[in-house]
Each structure stands twice: as C-alpha cells, then as structure tokens.
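Chain identifiers are assigned alphabetically (A, B, ...) following the order of the sequence lines, protein sequences preceding nucleic acid strands; residue numbering begins at 1 within each chain.
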Amino acid sequence: MLDIALIRRDPDRVRHALVRRGLDASVIDELLRFDEEYRSALTTVERIKAEKNRLSAAIGKAPDKGAAARELQPKIAELTKSISESEERARGLSPAEQGSPLRALLDNLPNLLDDSVPDGASEAANVEVRRWGEPRRFDFAPKPHWELGERLGILDFARAAKLSGSRFAALTGAGAQLARGLTAFFLDRAAARGYAEVAPPLLVSRETMWSTGQLSKFADAMFADAQADLFLIPTAEVPLTAFRSGEILDAAELPCKYAAATPCFRKEAGAAGKDTRGLMRQHQFDKVELVWLSRPEASHEALETLTEDARSLLEELELPHRVVTLCAGDTSFNAAKTHDVEVWIPSSDTYREISSCSNCTDFQARRAAIRFRREAASKPELVHTLNGSGLAIGRTLIALLENNQRADGSIVLPKALEPYVPTTRLG
RNA sequence: GGAGAGGUGGCAGAGUGGUCGAAUGCACUCGCUUGGAAAGCGAGCAGAGGUGAUGAGCCUCUCGAGGGUUCGAAUCCCUCCCUCUCCGCCA
C-alpha cells in the first residue's frame, strides 16, 4: 500500500509510476477526490465529538452530577444523533473500511518504481545485468527433464495425476533424496549468510495475506479454505515478511534476515496451456525463500546482496545462468525493483526464472505495520522488505537434470552437492 | 472439544463507572552531580489519524478485536480471537 499522504503531496510521482507500468493514471484524480471527501467528513465527526466530550467532562466535574446530566441531556442527545449520522458517512468513505471506494483504489495501486528500473512494457525489455557460464553444446539430442526423470525412476507424473490431477508431480527414490538434499544445501548456504531459519505456518489468515499484498491481485491464484478463512501460502514470502508484523524492531536488529523451506501452492489459473509438461509449473512446489527487513536507506544495496545470495547458488551448482532487471511493465505489484535470476533450460532453449528478488520498499511494511526505531527516543519508521527465492527446488532439479545429462540418460551432479546426496551420479 | 484463569504502554505491573491515555518500577533520552563512572537528584518518554508548514498548539481514536449499556467505559453486558492451567482426543 502506498502512503496516502505521499499521494496527496506528490500525485505526479504516483501518476508517473502508473504510466511507466502501463496503467491508467486517472485513478489518482478519483482517489484524491475521495480522500478529500473522507477528510472533510472526518473533520465534521471529530468536531461534533469534541463538543460532546466537553459536555460530558463538564458533568464529571460538576458538584451535582445528576443535576448537570439532566440539564445537558437534550443537547447531548442531539449531538449523539448528529455523530452517528456523520460517522456513518465518514465510515463509508474511510480507507480503513472494507469495500469503501478509497480502500478499493488504494488496494489496487502498485508500488512506486525505483528510478533505476528500465522502461518497457514486457519481458522483452528486461535488461540483462550479469551472465555466468556457457550453455552446454550437446553432441547428442538432449532430452527434457520429464523424460530423463521418468526413465531414471525419480519423477512420476502419472501417479501424481492419479492422486491429484494435472500439474502435480511425485518425486521418488533418488529424486526425492535429491530434492531433500537441495533444500538442505540451500538452507545451509542461507544460514552461512546470516539468514535465520524459520519453519512457518503454511496456512495464513486473510489479514496476513492482505498485509503482504497478495490479496489485491492474486486472490484467484490461491488455494483457500473458505470456512476457516485460511489461505495456503503461494510463497513463504507471506509468512516470513509478515512474521514481525505489528512490531517495532530495534535498529540493532536490522537487517533482519529470514530463510524458510516450504511448499508453495498456486492455482496458476491464468497459465493454462503454458508449461503443461514437467515440473516447471505445478500447483504445489518446494522453495527456499529469503526475506529481509531492512533500513530504508539500505534496501537498494540489500537487493543486490539478496540477488547475489540467490545467484551464487547457481554458480556453486555450476549451472549457466544470468541476472536480469525487470523493466517497468514486468515489475510486479509489490515491488519497486526486481532482479530475476534465470537458469539455462535446454528443453526451453532459453534462460528461465528460478528466483525473483524484489525490493518492496515500505509497500508491504505499511500494511503489515513493521517498524523500527533509529534511536531509543525517535519515532518508529517503516522498514523496507525484500524477498527472493534461494532457490526454487523443482526448477533447480530441472536445470540439474537437463544441463548435466549424458548421452546414456544418466546425470552427473555437481561437487557442491556431494555432502547432501548419497550419490553424485544418477543412472 | 470441555472446565477454569487471563489478555493494560518497550517490559513488569496497578487501576471495577467521571479531568485515566492510564499509578508505580525497570529500560530509554536529556540535564544536574563527579576527575571520570556508578549511585543519587530533576525532567522527559505509547501509537495512529485530522488540522497547522512534514513546526508549536488544538482535536479525534486506541487498555486483545467487534458490538452494546451510559451524559460518561480499561472498568458493566454480549460475541469472537488469542494465551496459560487441568481434562479429553490426537500426529
């Protein structure tokens, strides 16, 4: 959520960000009108309340309270009536009220963009900032991971479909061990880089989901239990970012870094027909997520560090990859700036996203009310939140199988995984 | 799931209808004191919103959340949530 005071003070800045994202900026005029109306209604309510409070206090101070109460009764009754009327009007306009027009507009405004985000409308305008390794040249016809995996007996799509339908996979034997090893490998690296491991709840409340900005745009893509009003997390970004919600942190705690390995659940409703085969796009997938709570002035640099934390994992796994900065039109709702880490996927003949690292600035912190105090005596300020995968397990598995396959269909795993898997060669 | 107890400021902990946004202690900030420190003394110290200049001041709201009673609620009533203890069930 954006700061409404900032929208008032500098509406052009917000309009500019909307235009850069390819969105209609006229909502800002509408929003400012509703805001004006709301504040004027609020002032009215508060003025009448102040008057009533004065009279009540006068009764409290009177020597004969009963007599004073009787005397002021008619006047107070009138004010009470007037308050409930004007209050109803103000509540209907309040940004805090579910379903108010101001709330609806505010809920759907994406974050401001960082100045360094490149212009552009789509993926095509993303800017490569770093490349590591060379895509391997095969002297045989490389197979896609679903063929490799099924032949090796480590991926089972048919039985997963039998259990749950399409877009589910089962890992078996060495595949399950490899996934477990990767998870441990990623978590160990995160720990070494100062992330505190958390095993968070996988079901979260509507309020939590809203606080991290998932509900505004992605409600349709989430699995939920309507009766309990709980949502299966689409990413551990949600519980990790909201972990300290409502708290005021010590400045000494920042940056505060969390890592979690969790399953993620997504309906992927909008992705029908895309990546229908294999592990690429599943309703359920495992991921190690990295989250930062940072001082505002440090978040820009933090994004670079976070991205490097994710990227370096691919280097250790000896997988060719690159880092791109998303352009304005491709940067997601919550983010002010995003670096995607993309790994080479032979079956796609291109680099595919394996981690998306975002600086959400104060956008999530405002809703989640995550603040810190610079000095013991200073006012609380919003932190900046950042998140990124480090890394997605399934996609790492794809990359390892496809990039490291040999002509006979066997797979050689990188040395870095030696401590984490029973064997560094599959098949 | 059942029974009981409880949820108050950064923490601890008073407060059972009227200047209570809230005693006191701790922590913290500033000052005095000191060669320096500790102790001691004095002052300050919740958050959000509106109005004002992103100042001072003024006003509104907030004592788990939401309703209600009342001129007036931290205090009384109702609903819900959470925590703790015991019992039941259970991986």
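- A salt bridge links A:D29 to A:R15: at least one charged side-chain nitrogen sits closer than 4.0 Å to a carboxylate oxygen.
- In this structure, a donor-acceptor pair under 3.5 Å is present between the side chains of A:H339 and A:E304.
- Taking 4.0 angstrom as the limit, A:K61 places none of its side-chain polar atoms (N or O) nearer than this to OP1 or OP2 of B:G18.
- A:R311 and A:E308 are joined by a salt bridge, as a carboxylate oxygen and a charged side-chain nitrogen come within less than 4.0 angstrom of each other.
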Assign a letter to each nucleotide of nucleotides 45-60 of chain B from its 5' end: B, base within under 4.0 Å of a protein heavy atom; S, sugar-phosphate only; -, no contact. --SSBSS-------BB

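- Remark: B:A46 base-pairs with B:U62. Criterion, Watson-Crick or G-U wobble with two distances under 3.5 Å.
- Between the P atoms of B:U69 and B:C77, the separation comes to 15 Å (whole Å).
- Applying side chain to side chain contact (heavy atoms under 4.5 Å, CB included) to A:F265 and the options A:T235, A:L232, A:L203 leaves one that passes, A:L232.
- Between A:R374 and A:E297, at least one side-chain nitrogen of the basic residue sits less than 4.0 Å from a carboxylate oxygen of the acidic one, meeting the salt-bridge criterion.
- In this structure, A:K65 places its NZ atom 8 Å from P of B:G18, rounding to the nearest Å.
- Across all strands shown, nothing is found opposite B:A37 as a Watson-Crick or G-U wobble partner with both distances under 3.5 Å.
- B:G88 makes up no base pair with any nucleotide shown, lacking Watson-Crick or G-U wobble contacts both under 3.5 Å.
- Shortest non-hydrogen contact noted between A:A25 and A:L18 is CA-CD1, 3.9 Å.
- Ranked by how close their nearest RNA chain B nucleotide is to the 5' end, A:R91 and A:G66 are led by A:G66.
- The nucleotide B:U83 finds its pairing partner in B:A5, both defining distances of the Watson-Crick or G-U wobble pair being shorter than 3.5 Å.
- Syn is the glycosidic conformation of B:G52, whose angle stays within 90° of 0.
- Atom C1' of nucleotide B:G66 and atom CD of A:E97 are separated by 12 Å, given to the nearest angstrom.
- The separation of B:C11 from B:A27, taken at their P atoms, amounts to 16 Å, rounded to a whole angstrom.
- Nucleotide B:A22 forms no Watson-Crick or G-U wobble pair with any nucleotide shown, as no partner meets the under 3.5 Å limit on both distances.
- For the P atoms, the distance linking B:C26 with B:C80 amounts to 42 Å, nearest Å.
- Taking atom C1' in both B:U29 and B:C45, one finds a spacing of 7 Å when rounded to whole Å.
- Ring geometry for A:Y195 against A:W292 counts as perpendicular: the plane angle is over 60°, on a 0 to 90° scale with 30° as the lower cut.
- For A:I59 and B:G17, the CD1 to P distance is 18 Å, given to the nearest whole Å.
- Within the shown strands, B:G68 is the pairing partner of B:C76 under the Watson-Crick or G-U definition, both distances less than 3.5 Å.
- Between A:H384 and A:T361, the side chains place no donor N or O within less than 3.5 Å of an acceptor N or O (distance only, hydrogens not considered).
- In this structure, B:G55 forms no base pair with any nucleotide, since neither Watson-Crick nor G-U wobble geometry is met with both distances under 3.5 Å.
- The interatomic distance linking A:R70 (CZ) with B:G72 (C1') rounds to 16 Å, in whole Å.
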